[in-house]
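Quick note: residue numbers are just sequence positions, from 1. Small disclaimer: the values here were computed from a predicted structure and weren't measured.
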Amino acid sequence: MTESLPVSRTTDFGVAKLMPDVDRERAWLLTVDGAPQSYVDLDEPTHLEFEYARRLGHVLDLAAEDGRPLDVLHLGGGALTLPRYLAATRPGSRQDVVEADRGLLDLVAEHLPLPPDAAITLHSADARAWLEAAPDDSADVLVADVFGGSRVPAHLTSLAYAREAERVLRADGVYLANLADTAPFAFLRSQLATFAALFEELVLVAEPAVLRGRRFGNAVLVAAHRPFDTAALARRTAADAFPARVEHGLGVRRFTGDARPVTDEDAVPSPVPPEGAFGIG
C-alpha cells in the first residue's frame with residue numbers, strides 16, 4: 001500500500017492542507033491556515049469525526065423520513081463532508097454546494113473526488129450572492145457552514161440574509177447553521193433573535209459547557225416553520241461521545257433574552273476564537 005502524504009496548497013483565501021489520518025486508510029483532515037475545517041473518510045462517508053458535524057448530521061437525519069431524497073443547498077464547502085454524508089444516507093438527493101474559494105474546491109476535487117453518482121454540484125461564488133439569485137421554494141434544507149478566518153462572515157448574519165434563506169426554503173424546509181461563540185453570547189443571541197423574527201420554530205444544540213459560557217465552542221442553530229422532533233434529536237445528541245444539550249421553546253427564548261435582530265448596517269462577524277480553540281494535535 002502506498003503511504004498517503006500531506007498535500008499543501010495556497011488557495012484563494014489561505015493555505016489549505018490535506019493531512020491523512022494514520023488510523024483510517026482513506027481519511028483526511030482539511031485545515032485552512034491551520035484551523036481544522038473538515039474531515040472526510042472516502043471509504044465511509046457516513047463517519048462524521050467532528051462533534052459539530054455529527055450534530056448537523058443528526059438534524060439532517062431527522063429533517064425528513066429515513067432515506068427520502070432531499071434538495072439541499074450548502075453554503076460553505078470545505079471538503080464536502082455533509083454533502084457526501086447525505087449522498088450516502090439519502091441517495092437520489094440533489095445538492096448544490098456554494099464555496100467562495102475556487103482553489104479549495106479544485107484541491108478537494110483533485111485529491112478527494114466525489115462519487116460519480118453523488119448528484120452534487122459545486123459552485124464557486126459568494127454564499128449570499130448565490131443565495132439571493134436562487135429560485136424561491138427550491139430547497140428542502142439549507143446548511144450554512146461558512147467560516148472565513150475561523151469567523152462567520154458578517155453578511156451571513158443579518159435579517160436580510162435570513163429572509164433570503166427563508167425565501168429559498170420550501171414551506172416545510174429546515175435551516176441549519178454552524179455557529180461559534182462564548183459568554184456573554186452577544187453573537188449567538190443576536191442570531192437567535194434574527195431567525196426568530198422569521199421562523200416559528202428554533203432549536204439550539206451545543207455542549208453544556210459551551211452554553212454555560214465555560215468555553216468557546218460550536219453551536220448548531222435549527223430554524224423551521226414546523227415543529228422539529230427535538231426529543232429524537234436530544235436522544236441522539238446525548239448518546240454522542242461529547243453529549244450536547246438541545247434547547248427549544250422557552251429555553252431558546254430565555255437564552256436569547258433581549259437580543260435584537262441584526263441588520264446589514266450593524267452586522268459583525270462571529271467573535272475571534274481564543275488561541276487554540278479549534279487547534280489540532
Set out, in order, the CA-CA distance, both residues' side-chain angles and the distance that settles salt bridge (charged side-chain N to carboxylate O under 4.0 Å, His left out) for Asp43 and Arg26, then state yes or no.
CA-CA 6 Å; Asp43 290 332; Arg26 297 183 70 227; 2.7 Å; yes

What do the steps show when you test Val252 against Val203 for side-chain contact (heavy atoms from CB on, under 4.5 Å), and what is the final call?
CA-CA 7 Å; Val252 168; Val203 180; 5.8 Å; no

Kindly determine whether Thr11 and Val15 satisfy side-chain contact (heavy atoms from CB on, under 4.5 Å), including the steps that lead there.
CA-CA 6 Å; Thr11 63; Val15 177; over 6 Å; no

Show your working on side chain to side chain donor-acceptor pair (under 3.5 Å) between His123 and Asp96 and close with a plain yes or no.
CA-CA 7 Å; His123 310 270; Asp96 288 287; 2.6 Å; yes

Apply the test side-chain contact (heavy atoms from CB on, under 4.5 Å) to residues Gln191 and Val262: give CA-CA distance (whole Å), side-chain angles for both, the deciding distance (0.1 Å), then the verdict.
CA-CA 7 Å; Gln191 290 307 285; Val262 178; 4.1 Å; yes

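Side-chain contact between Ser190 and Pro261 is absent, with no heavy-atom pair separated by less than 4.5 Å. Residues Val174 and Leu169 form no side-chain contact, since every pair of their non-hydrogen atoms from C-beta on lies 4.5 Å or further apart. Put simply, the side chain of Leu82 reaches to within 4.5 Å of the side chain of Leu56, judged on heavy atoms. Residues Gln95 and Leu86 are in side-chain contact: their nearest non-hydrogen atoms beyond the backbone lie under 4.5 Å apart. Inter-residue side-chain proximity for Leu198 and Arg163 is flagged as met; some heavy-atom pair is nearer than 4.5 Å. Between Arg9 and Glu110, some side-chain heavy-atom pair lies under the 4.5 Å cut-off. Side-chain atoms of Leu179 and Phe187, non-hydrogen and from C-beta on, do get closer than 4.5 Å to each other. Using a 4.5 Å heavy-atom cutoff, the side chains of Leu204 and Leu188 are in contact.
Salt bridge annotation for Arg236-Asp61: present, with a cationic side-chain nitrogen under 4.0 angstrom from a carboxylate oxygen. The pair Arg128-Asp264 meets the salt-bridge criterion, since a charged nitrogen lies less than 4.0 angstrom from a carboxylate oxygen. Salt bridge status for Asp140 with Arg68: present, with a side-chain N to carboxylate O gap under 4.0 Å. Electrostatic pairing of Asp71 and Arg94 counts as a salt bridge here, judged by a charged N lying under 4.0 Å from a carboxylate O. Under the 4.0 Å criterion applied to side-chain N and carboxylate O atoms, Glu207 and Arg212 are not assigned as salt-bridge partners. For Glu200 and Arg226, the salt-bridge test fails: no basic side-chain N is under 4.0 Å from an acidic carboxylate O.
Not a single donor-acceptor pair under 3.5 Å links the side chain of Ser93 to the backbone N or O of Pro69.
For the residue pair Thr157 and Ala154, the shortest heavy atom distance occurs at OG1-O, 2.6 Å. Heavy-atom minimum distance, Asp12 versus Arg102: OD2-N, 3.4 Å. The minimum heavy-atom distance linking Ala16 with Leu107 is given by the pair CB-CD2, 3.7 Å. Contact record, Val210 with Gly217: CG2-CA, 3.8 Å, taken as the closest heavy-atom pair. The minimum heavy-atom distance linking Phe13 with Ala100 is given by the pair CE1-O, 3.5 Å. What you find for Gly78 and Leu30 is that their closest heavy atoms are C-CD2, 3.7 Å.
With rounding to the nearest 0.5 angstrom, the CZ atom of Arg253 is 11.5 Å from the CD atom of Glu247. Atom-to-atom distance recorded for Tyr39:OH and Met19:CE is 11.5 Å, nearest 0.5 angstrom. To the nearest 0.5 Å, the span separating NE2 on His248 from CZ on Phe228 amounts to 11.5 Å. Within the model, atoms CG of Asn218 and CD of Glu51 stand 10.0 Å from one another, a figure rounded to the nearest 0.5 Å.
If you chain together hydrophobic residues whose side chains sit under 4.5 Å apart, Leu105 and Trp130 never meet in one group.
A donor atom on one side chain and an acceptor atom on the other are not found under 3.5 Å apart for Glu99 and His74. Using a 3.5 Å distance cut-off with no hydrogens or angles, the side chains of Thr263 and Asp266 do pair a donor with an acceptor.
Note: His47 and Tyr85 fail the aromatic proximity criterion, with ring centroids not under 6.0 Å apart.
Heavy atoms from other residues, nucleotides or ligands lying under 6.0 Å from CZ of Arg170 number more than 12. Applying the 6.0 Å contact sphere to CZ of Arg24 captures more than 12 heavy atoms from other residues, nucleotides or ligands.
Relative ring orientation between Tyr161 and Phe195 is described as perpendicular, the plane-to-plane angle rising above 60° on a 0-90° scale split at 30° and 60°.
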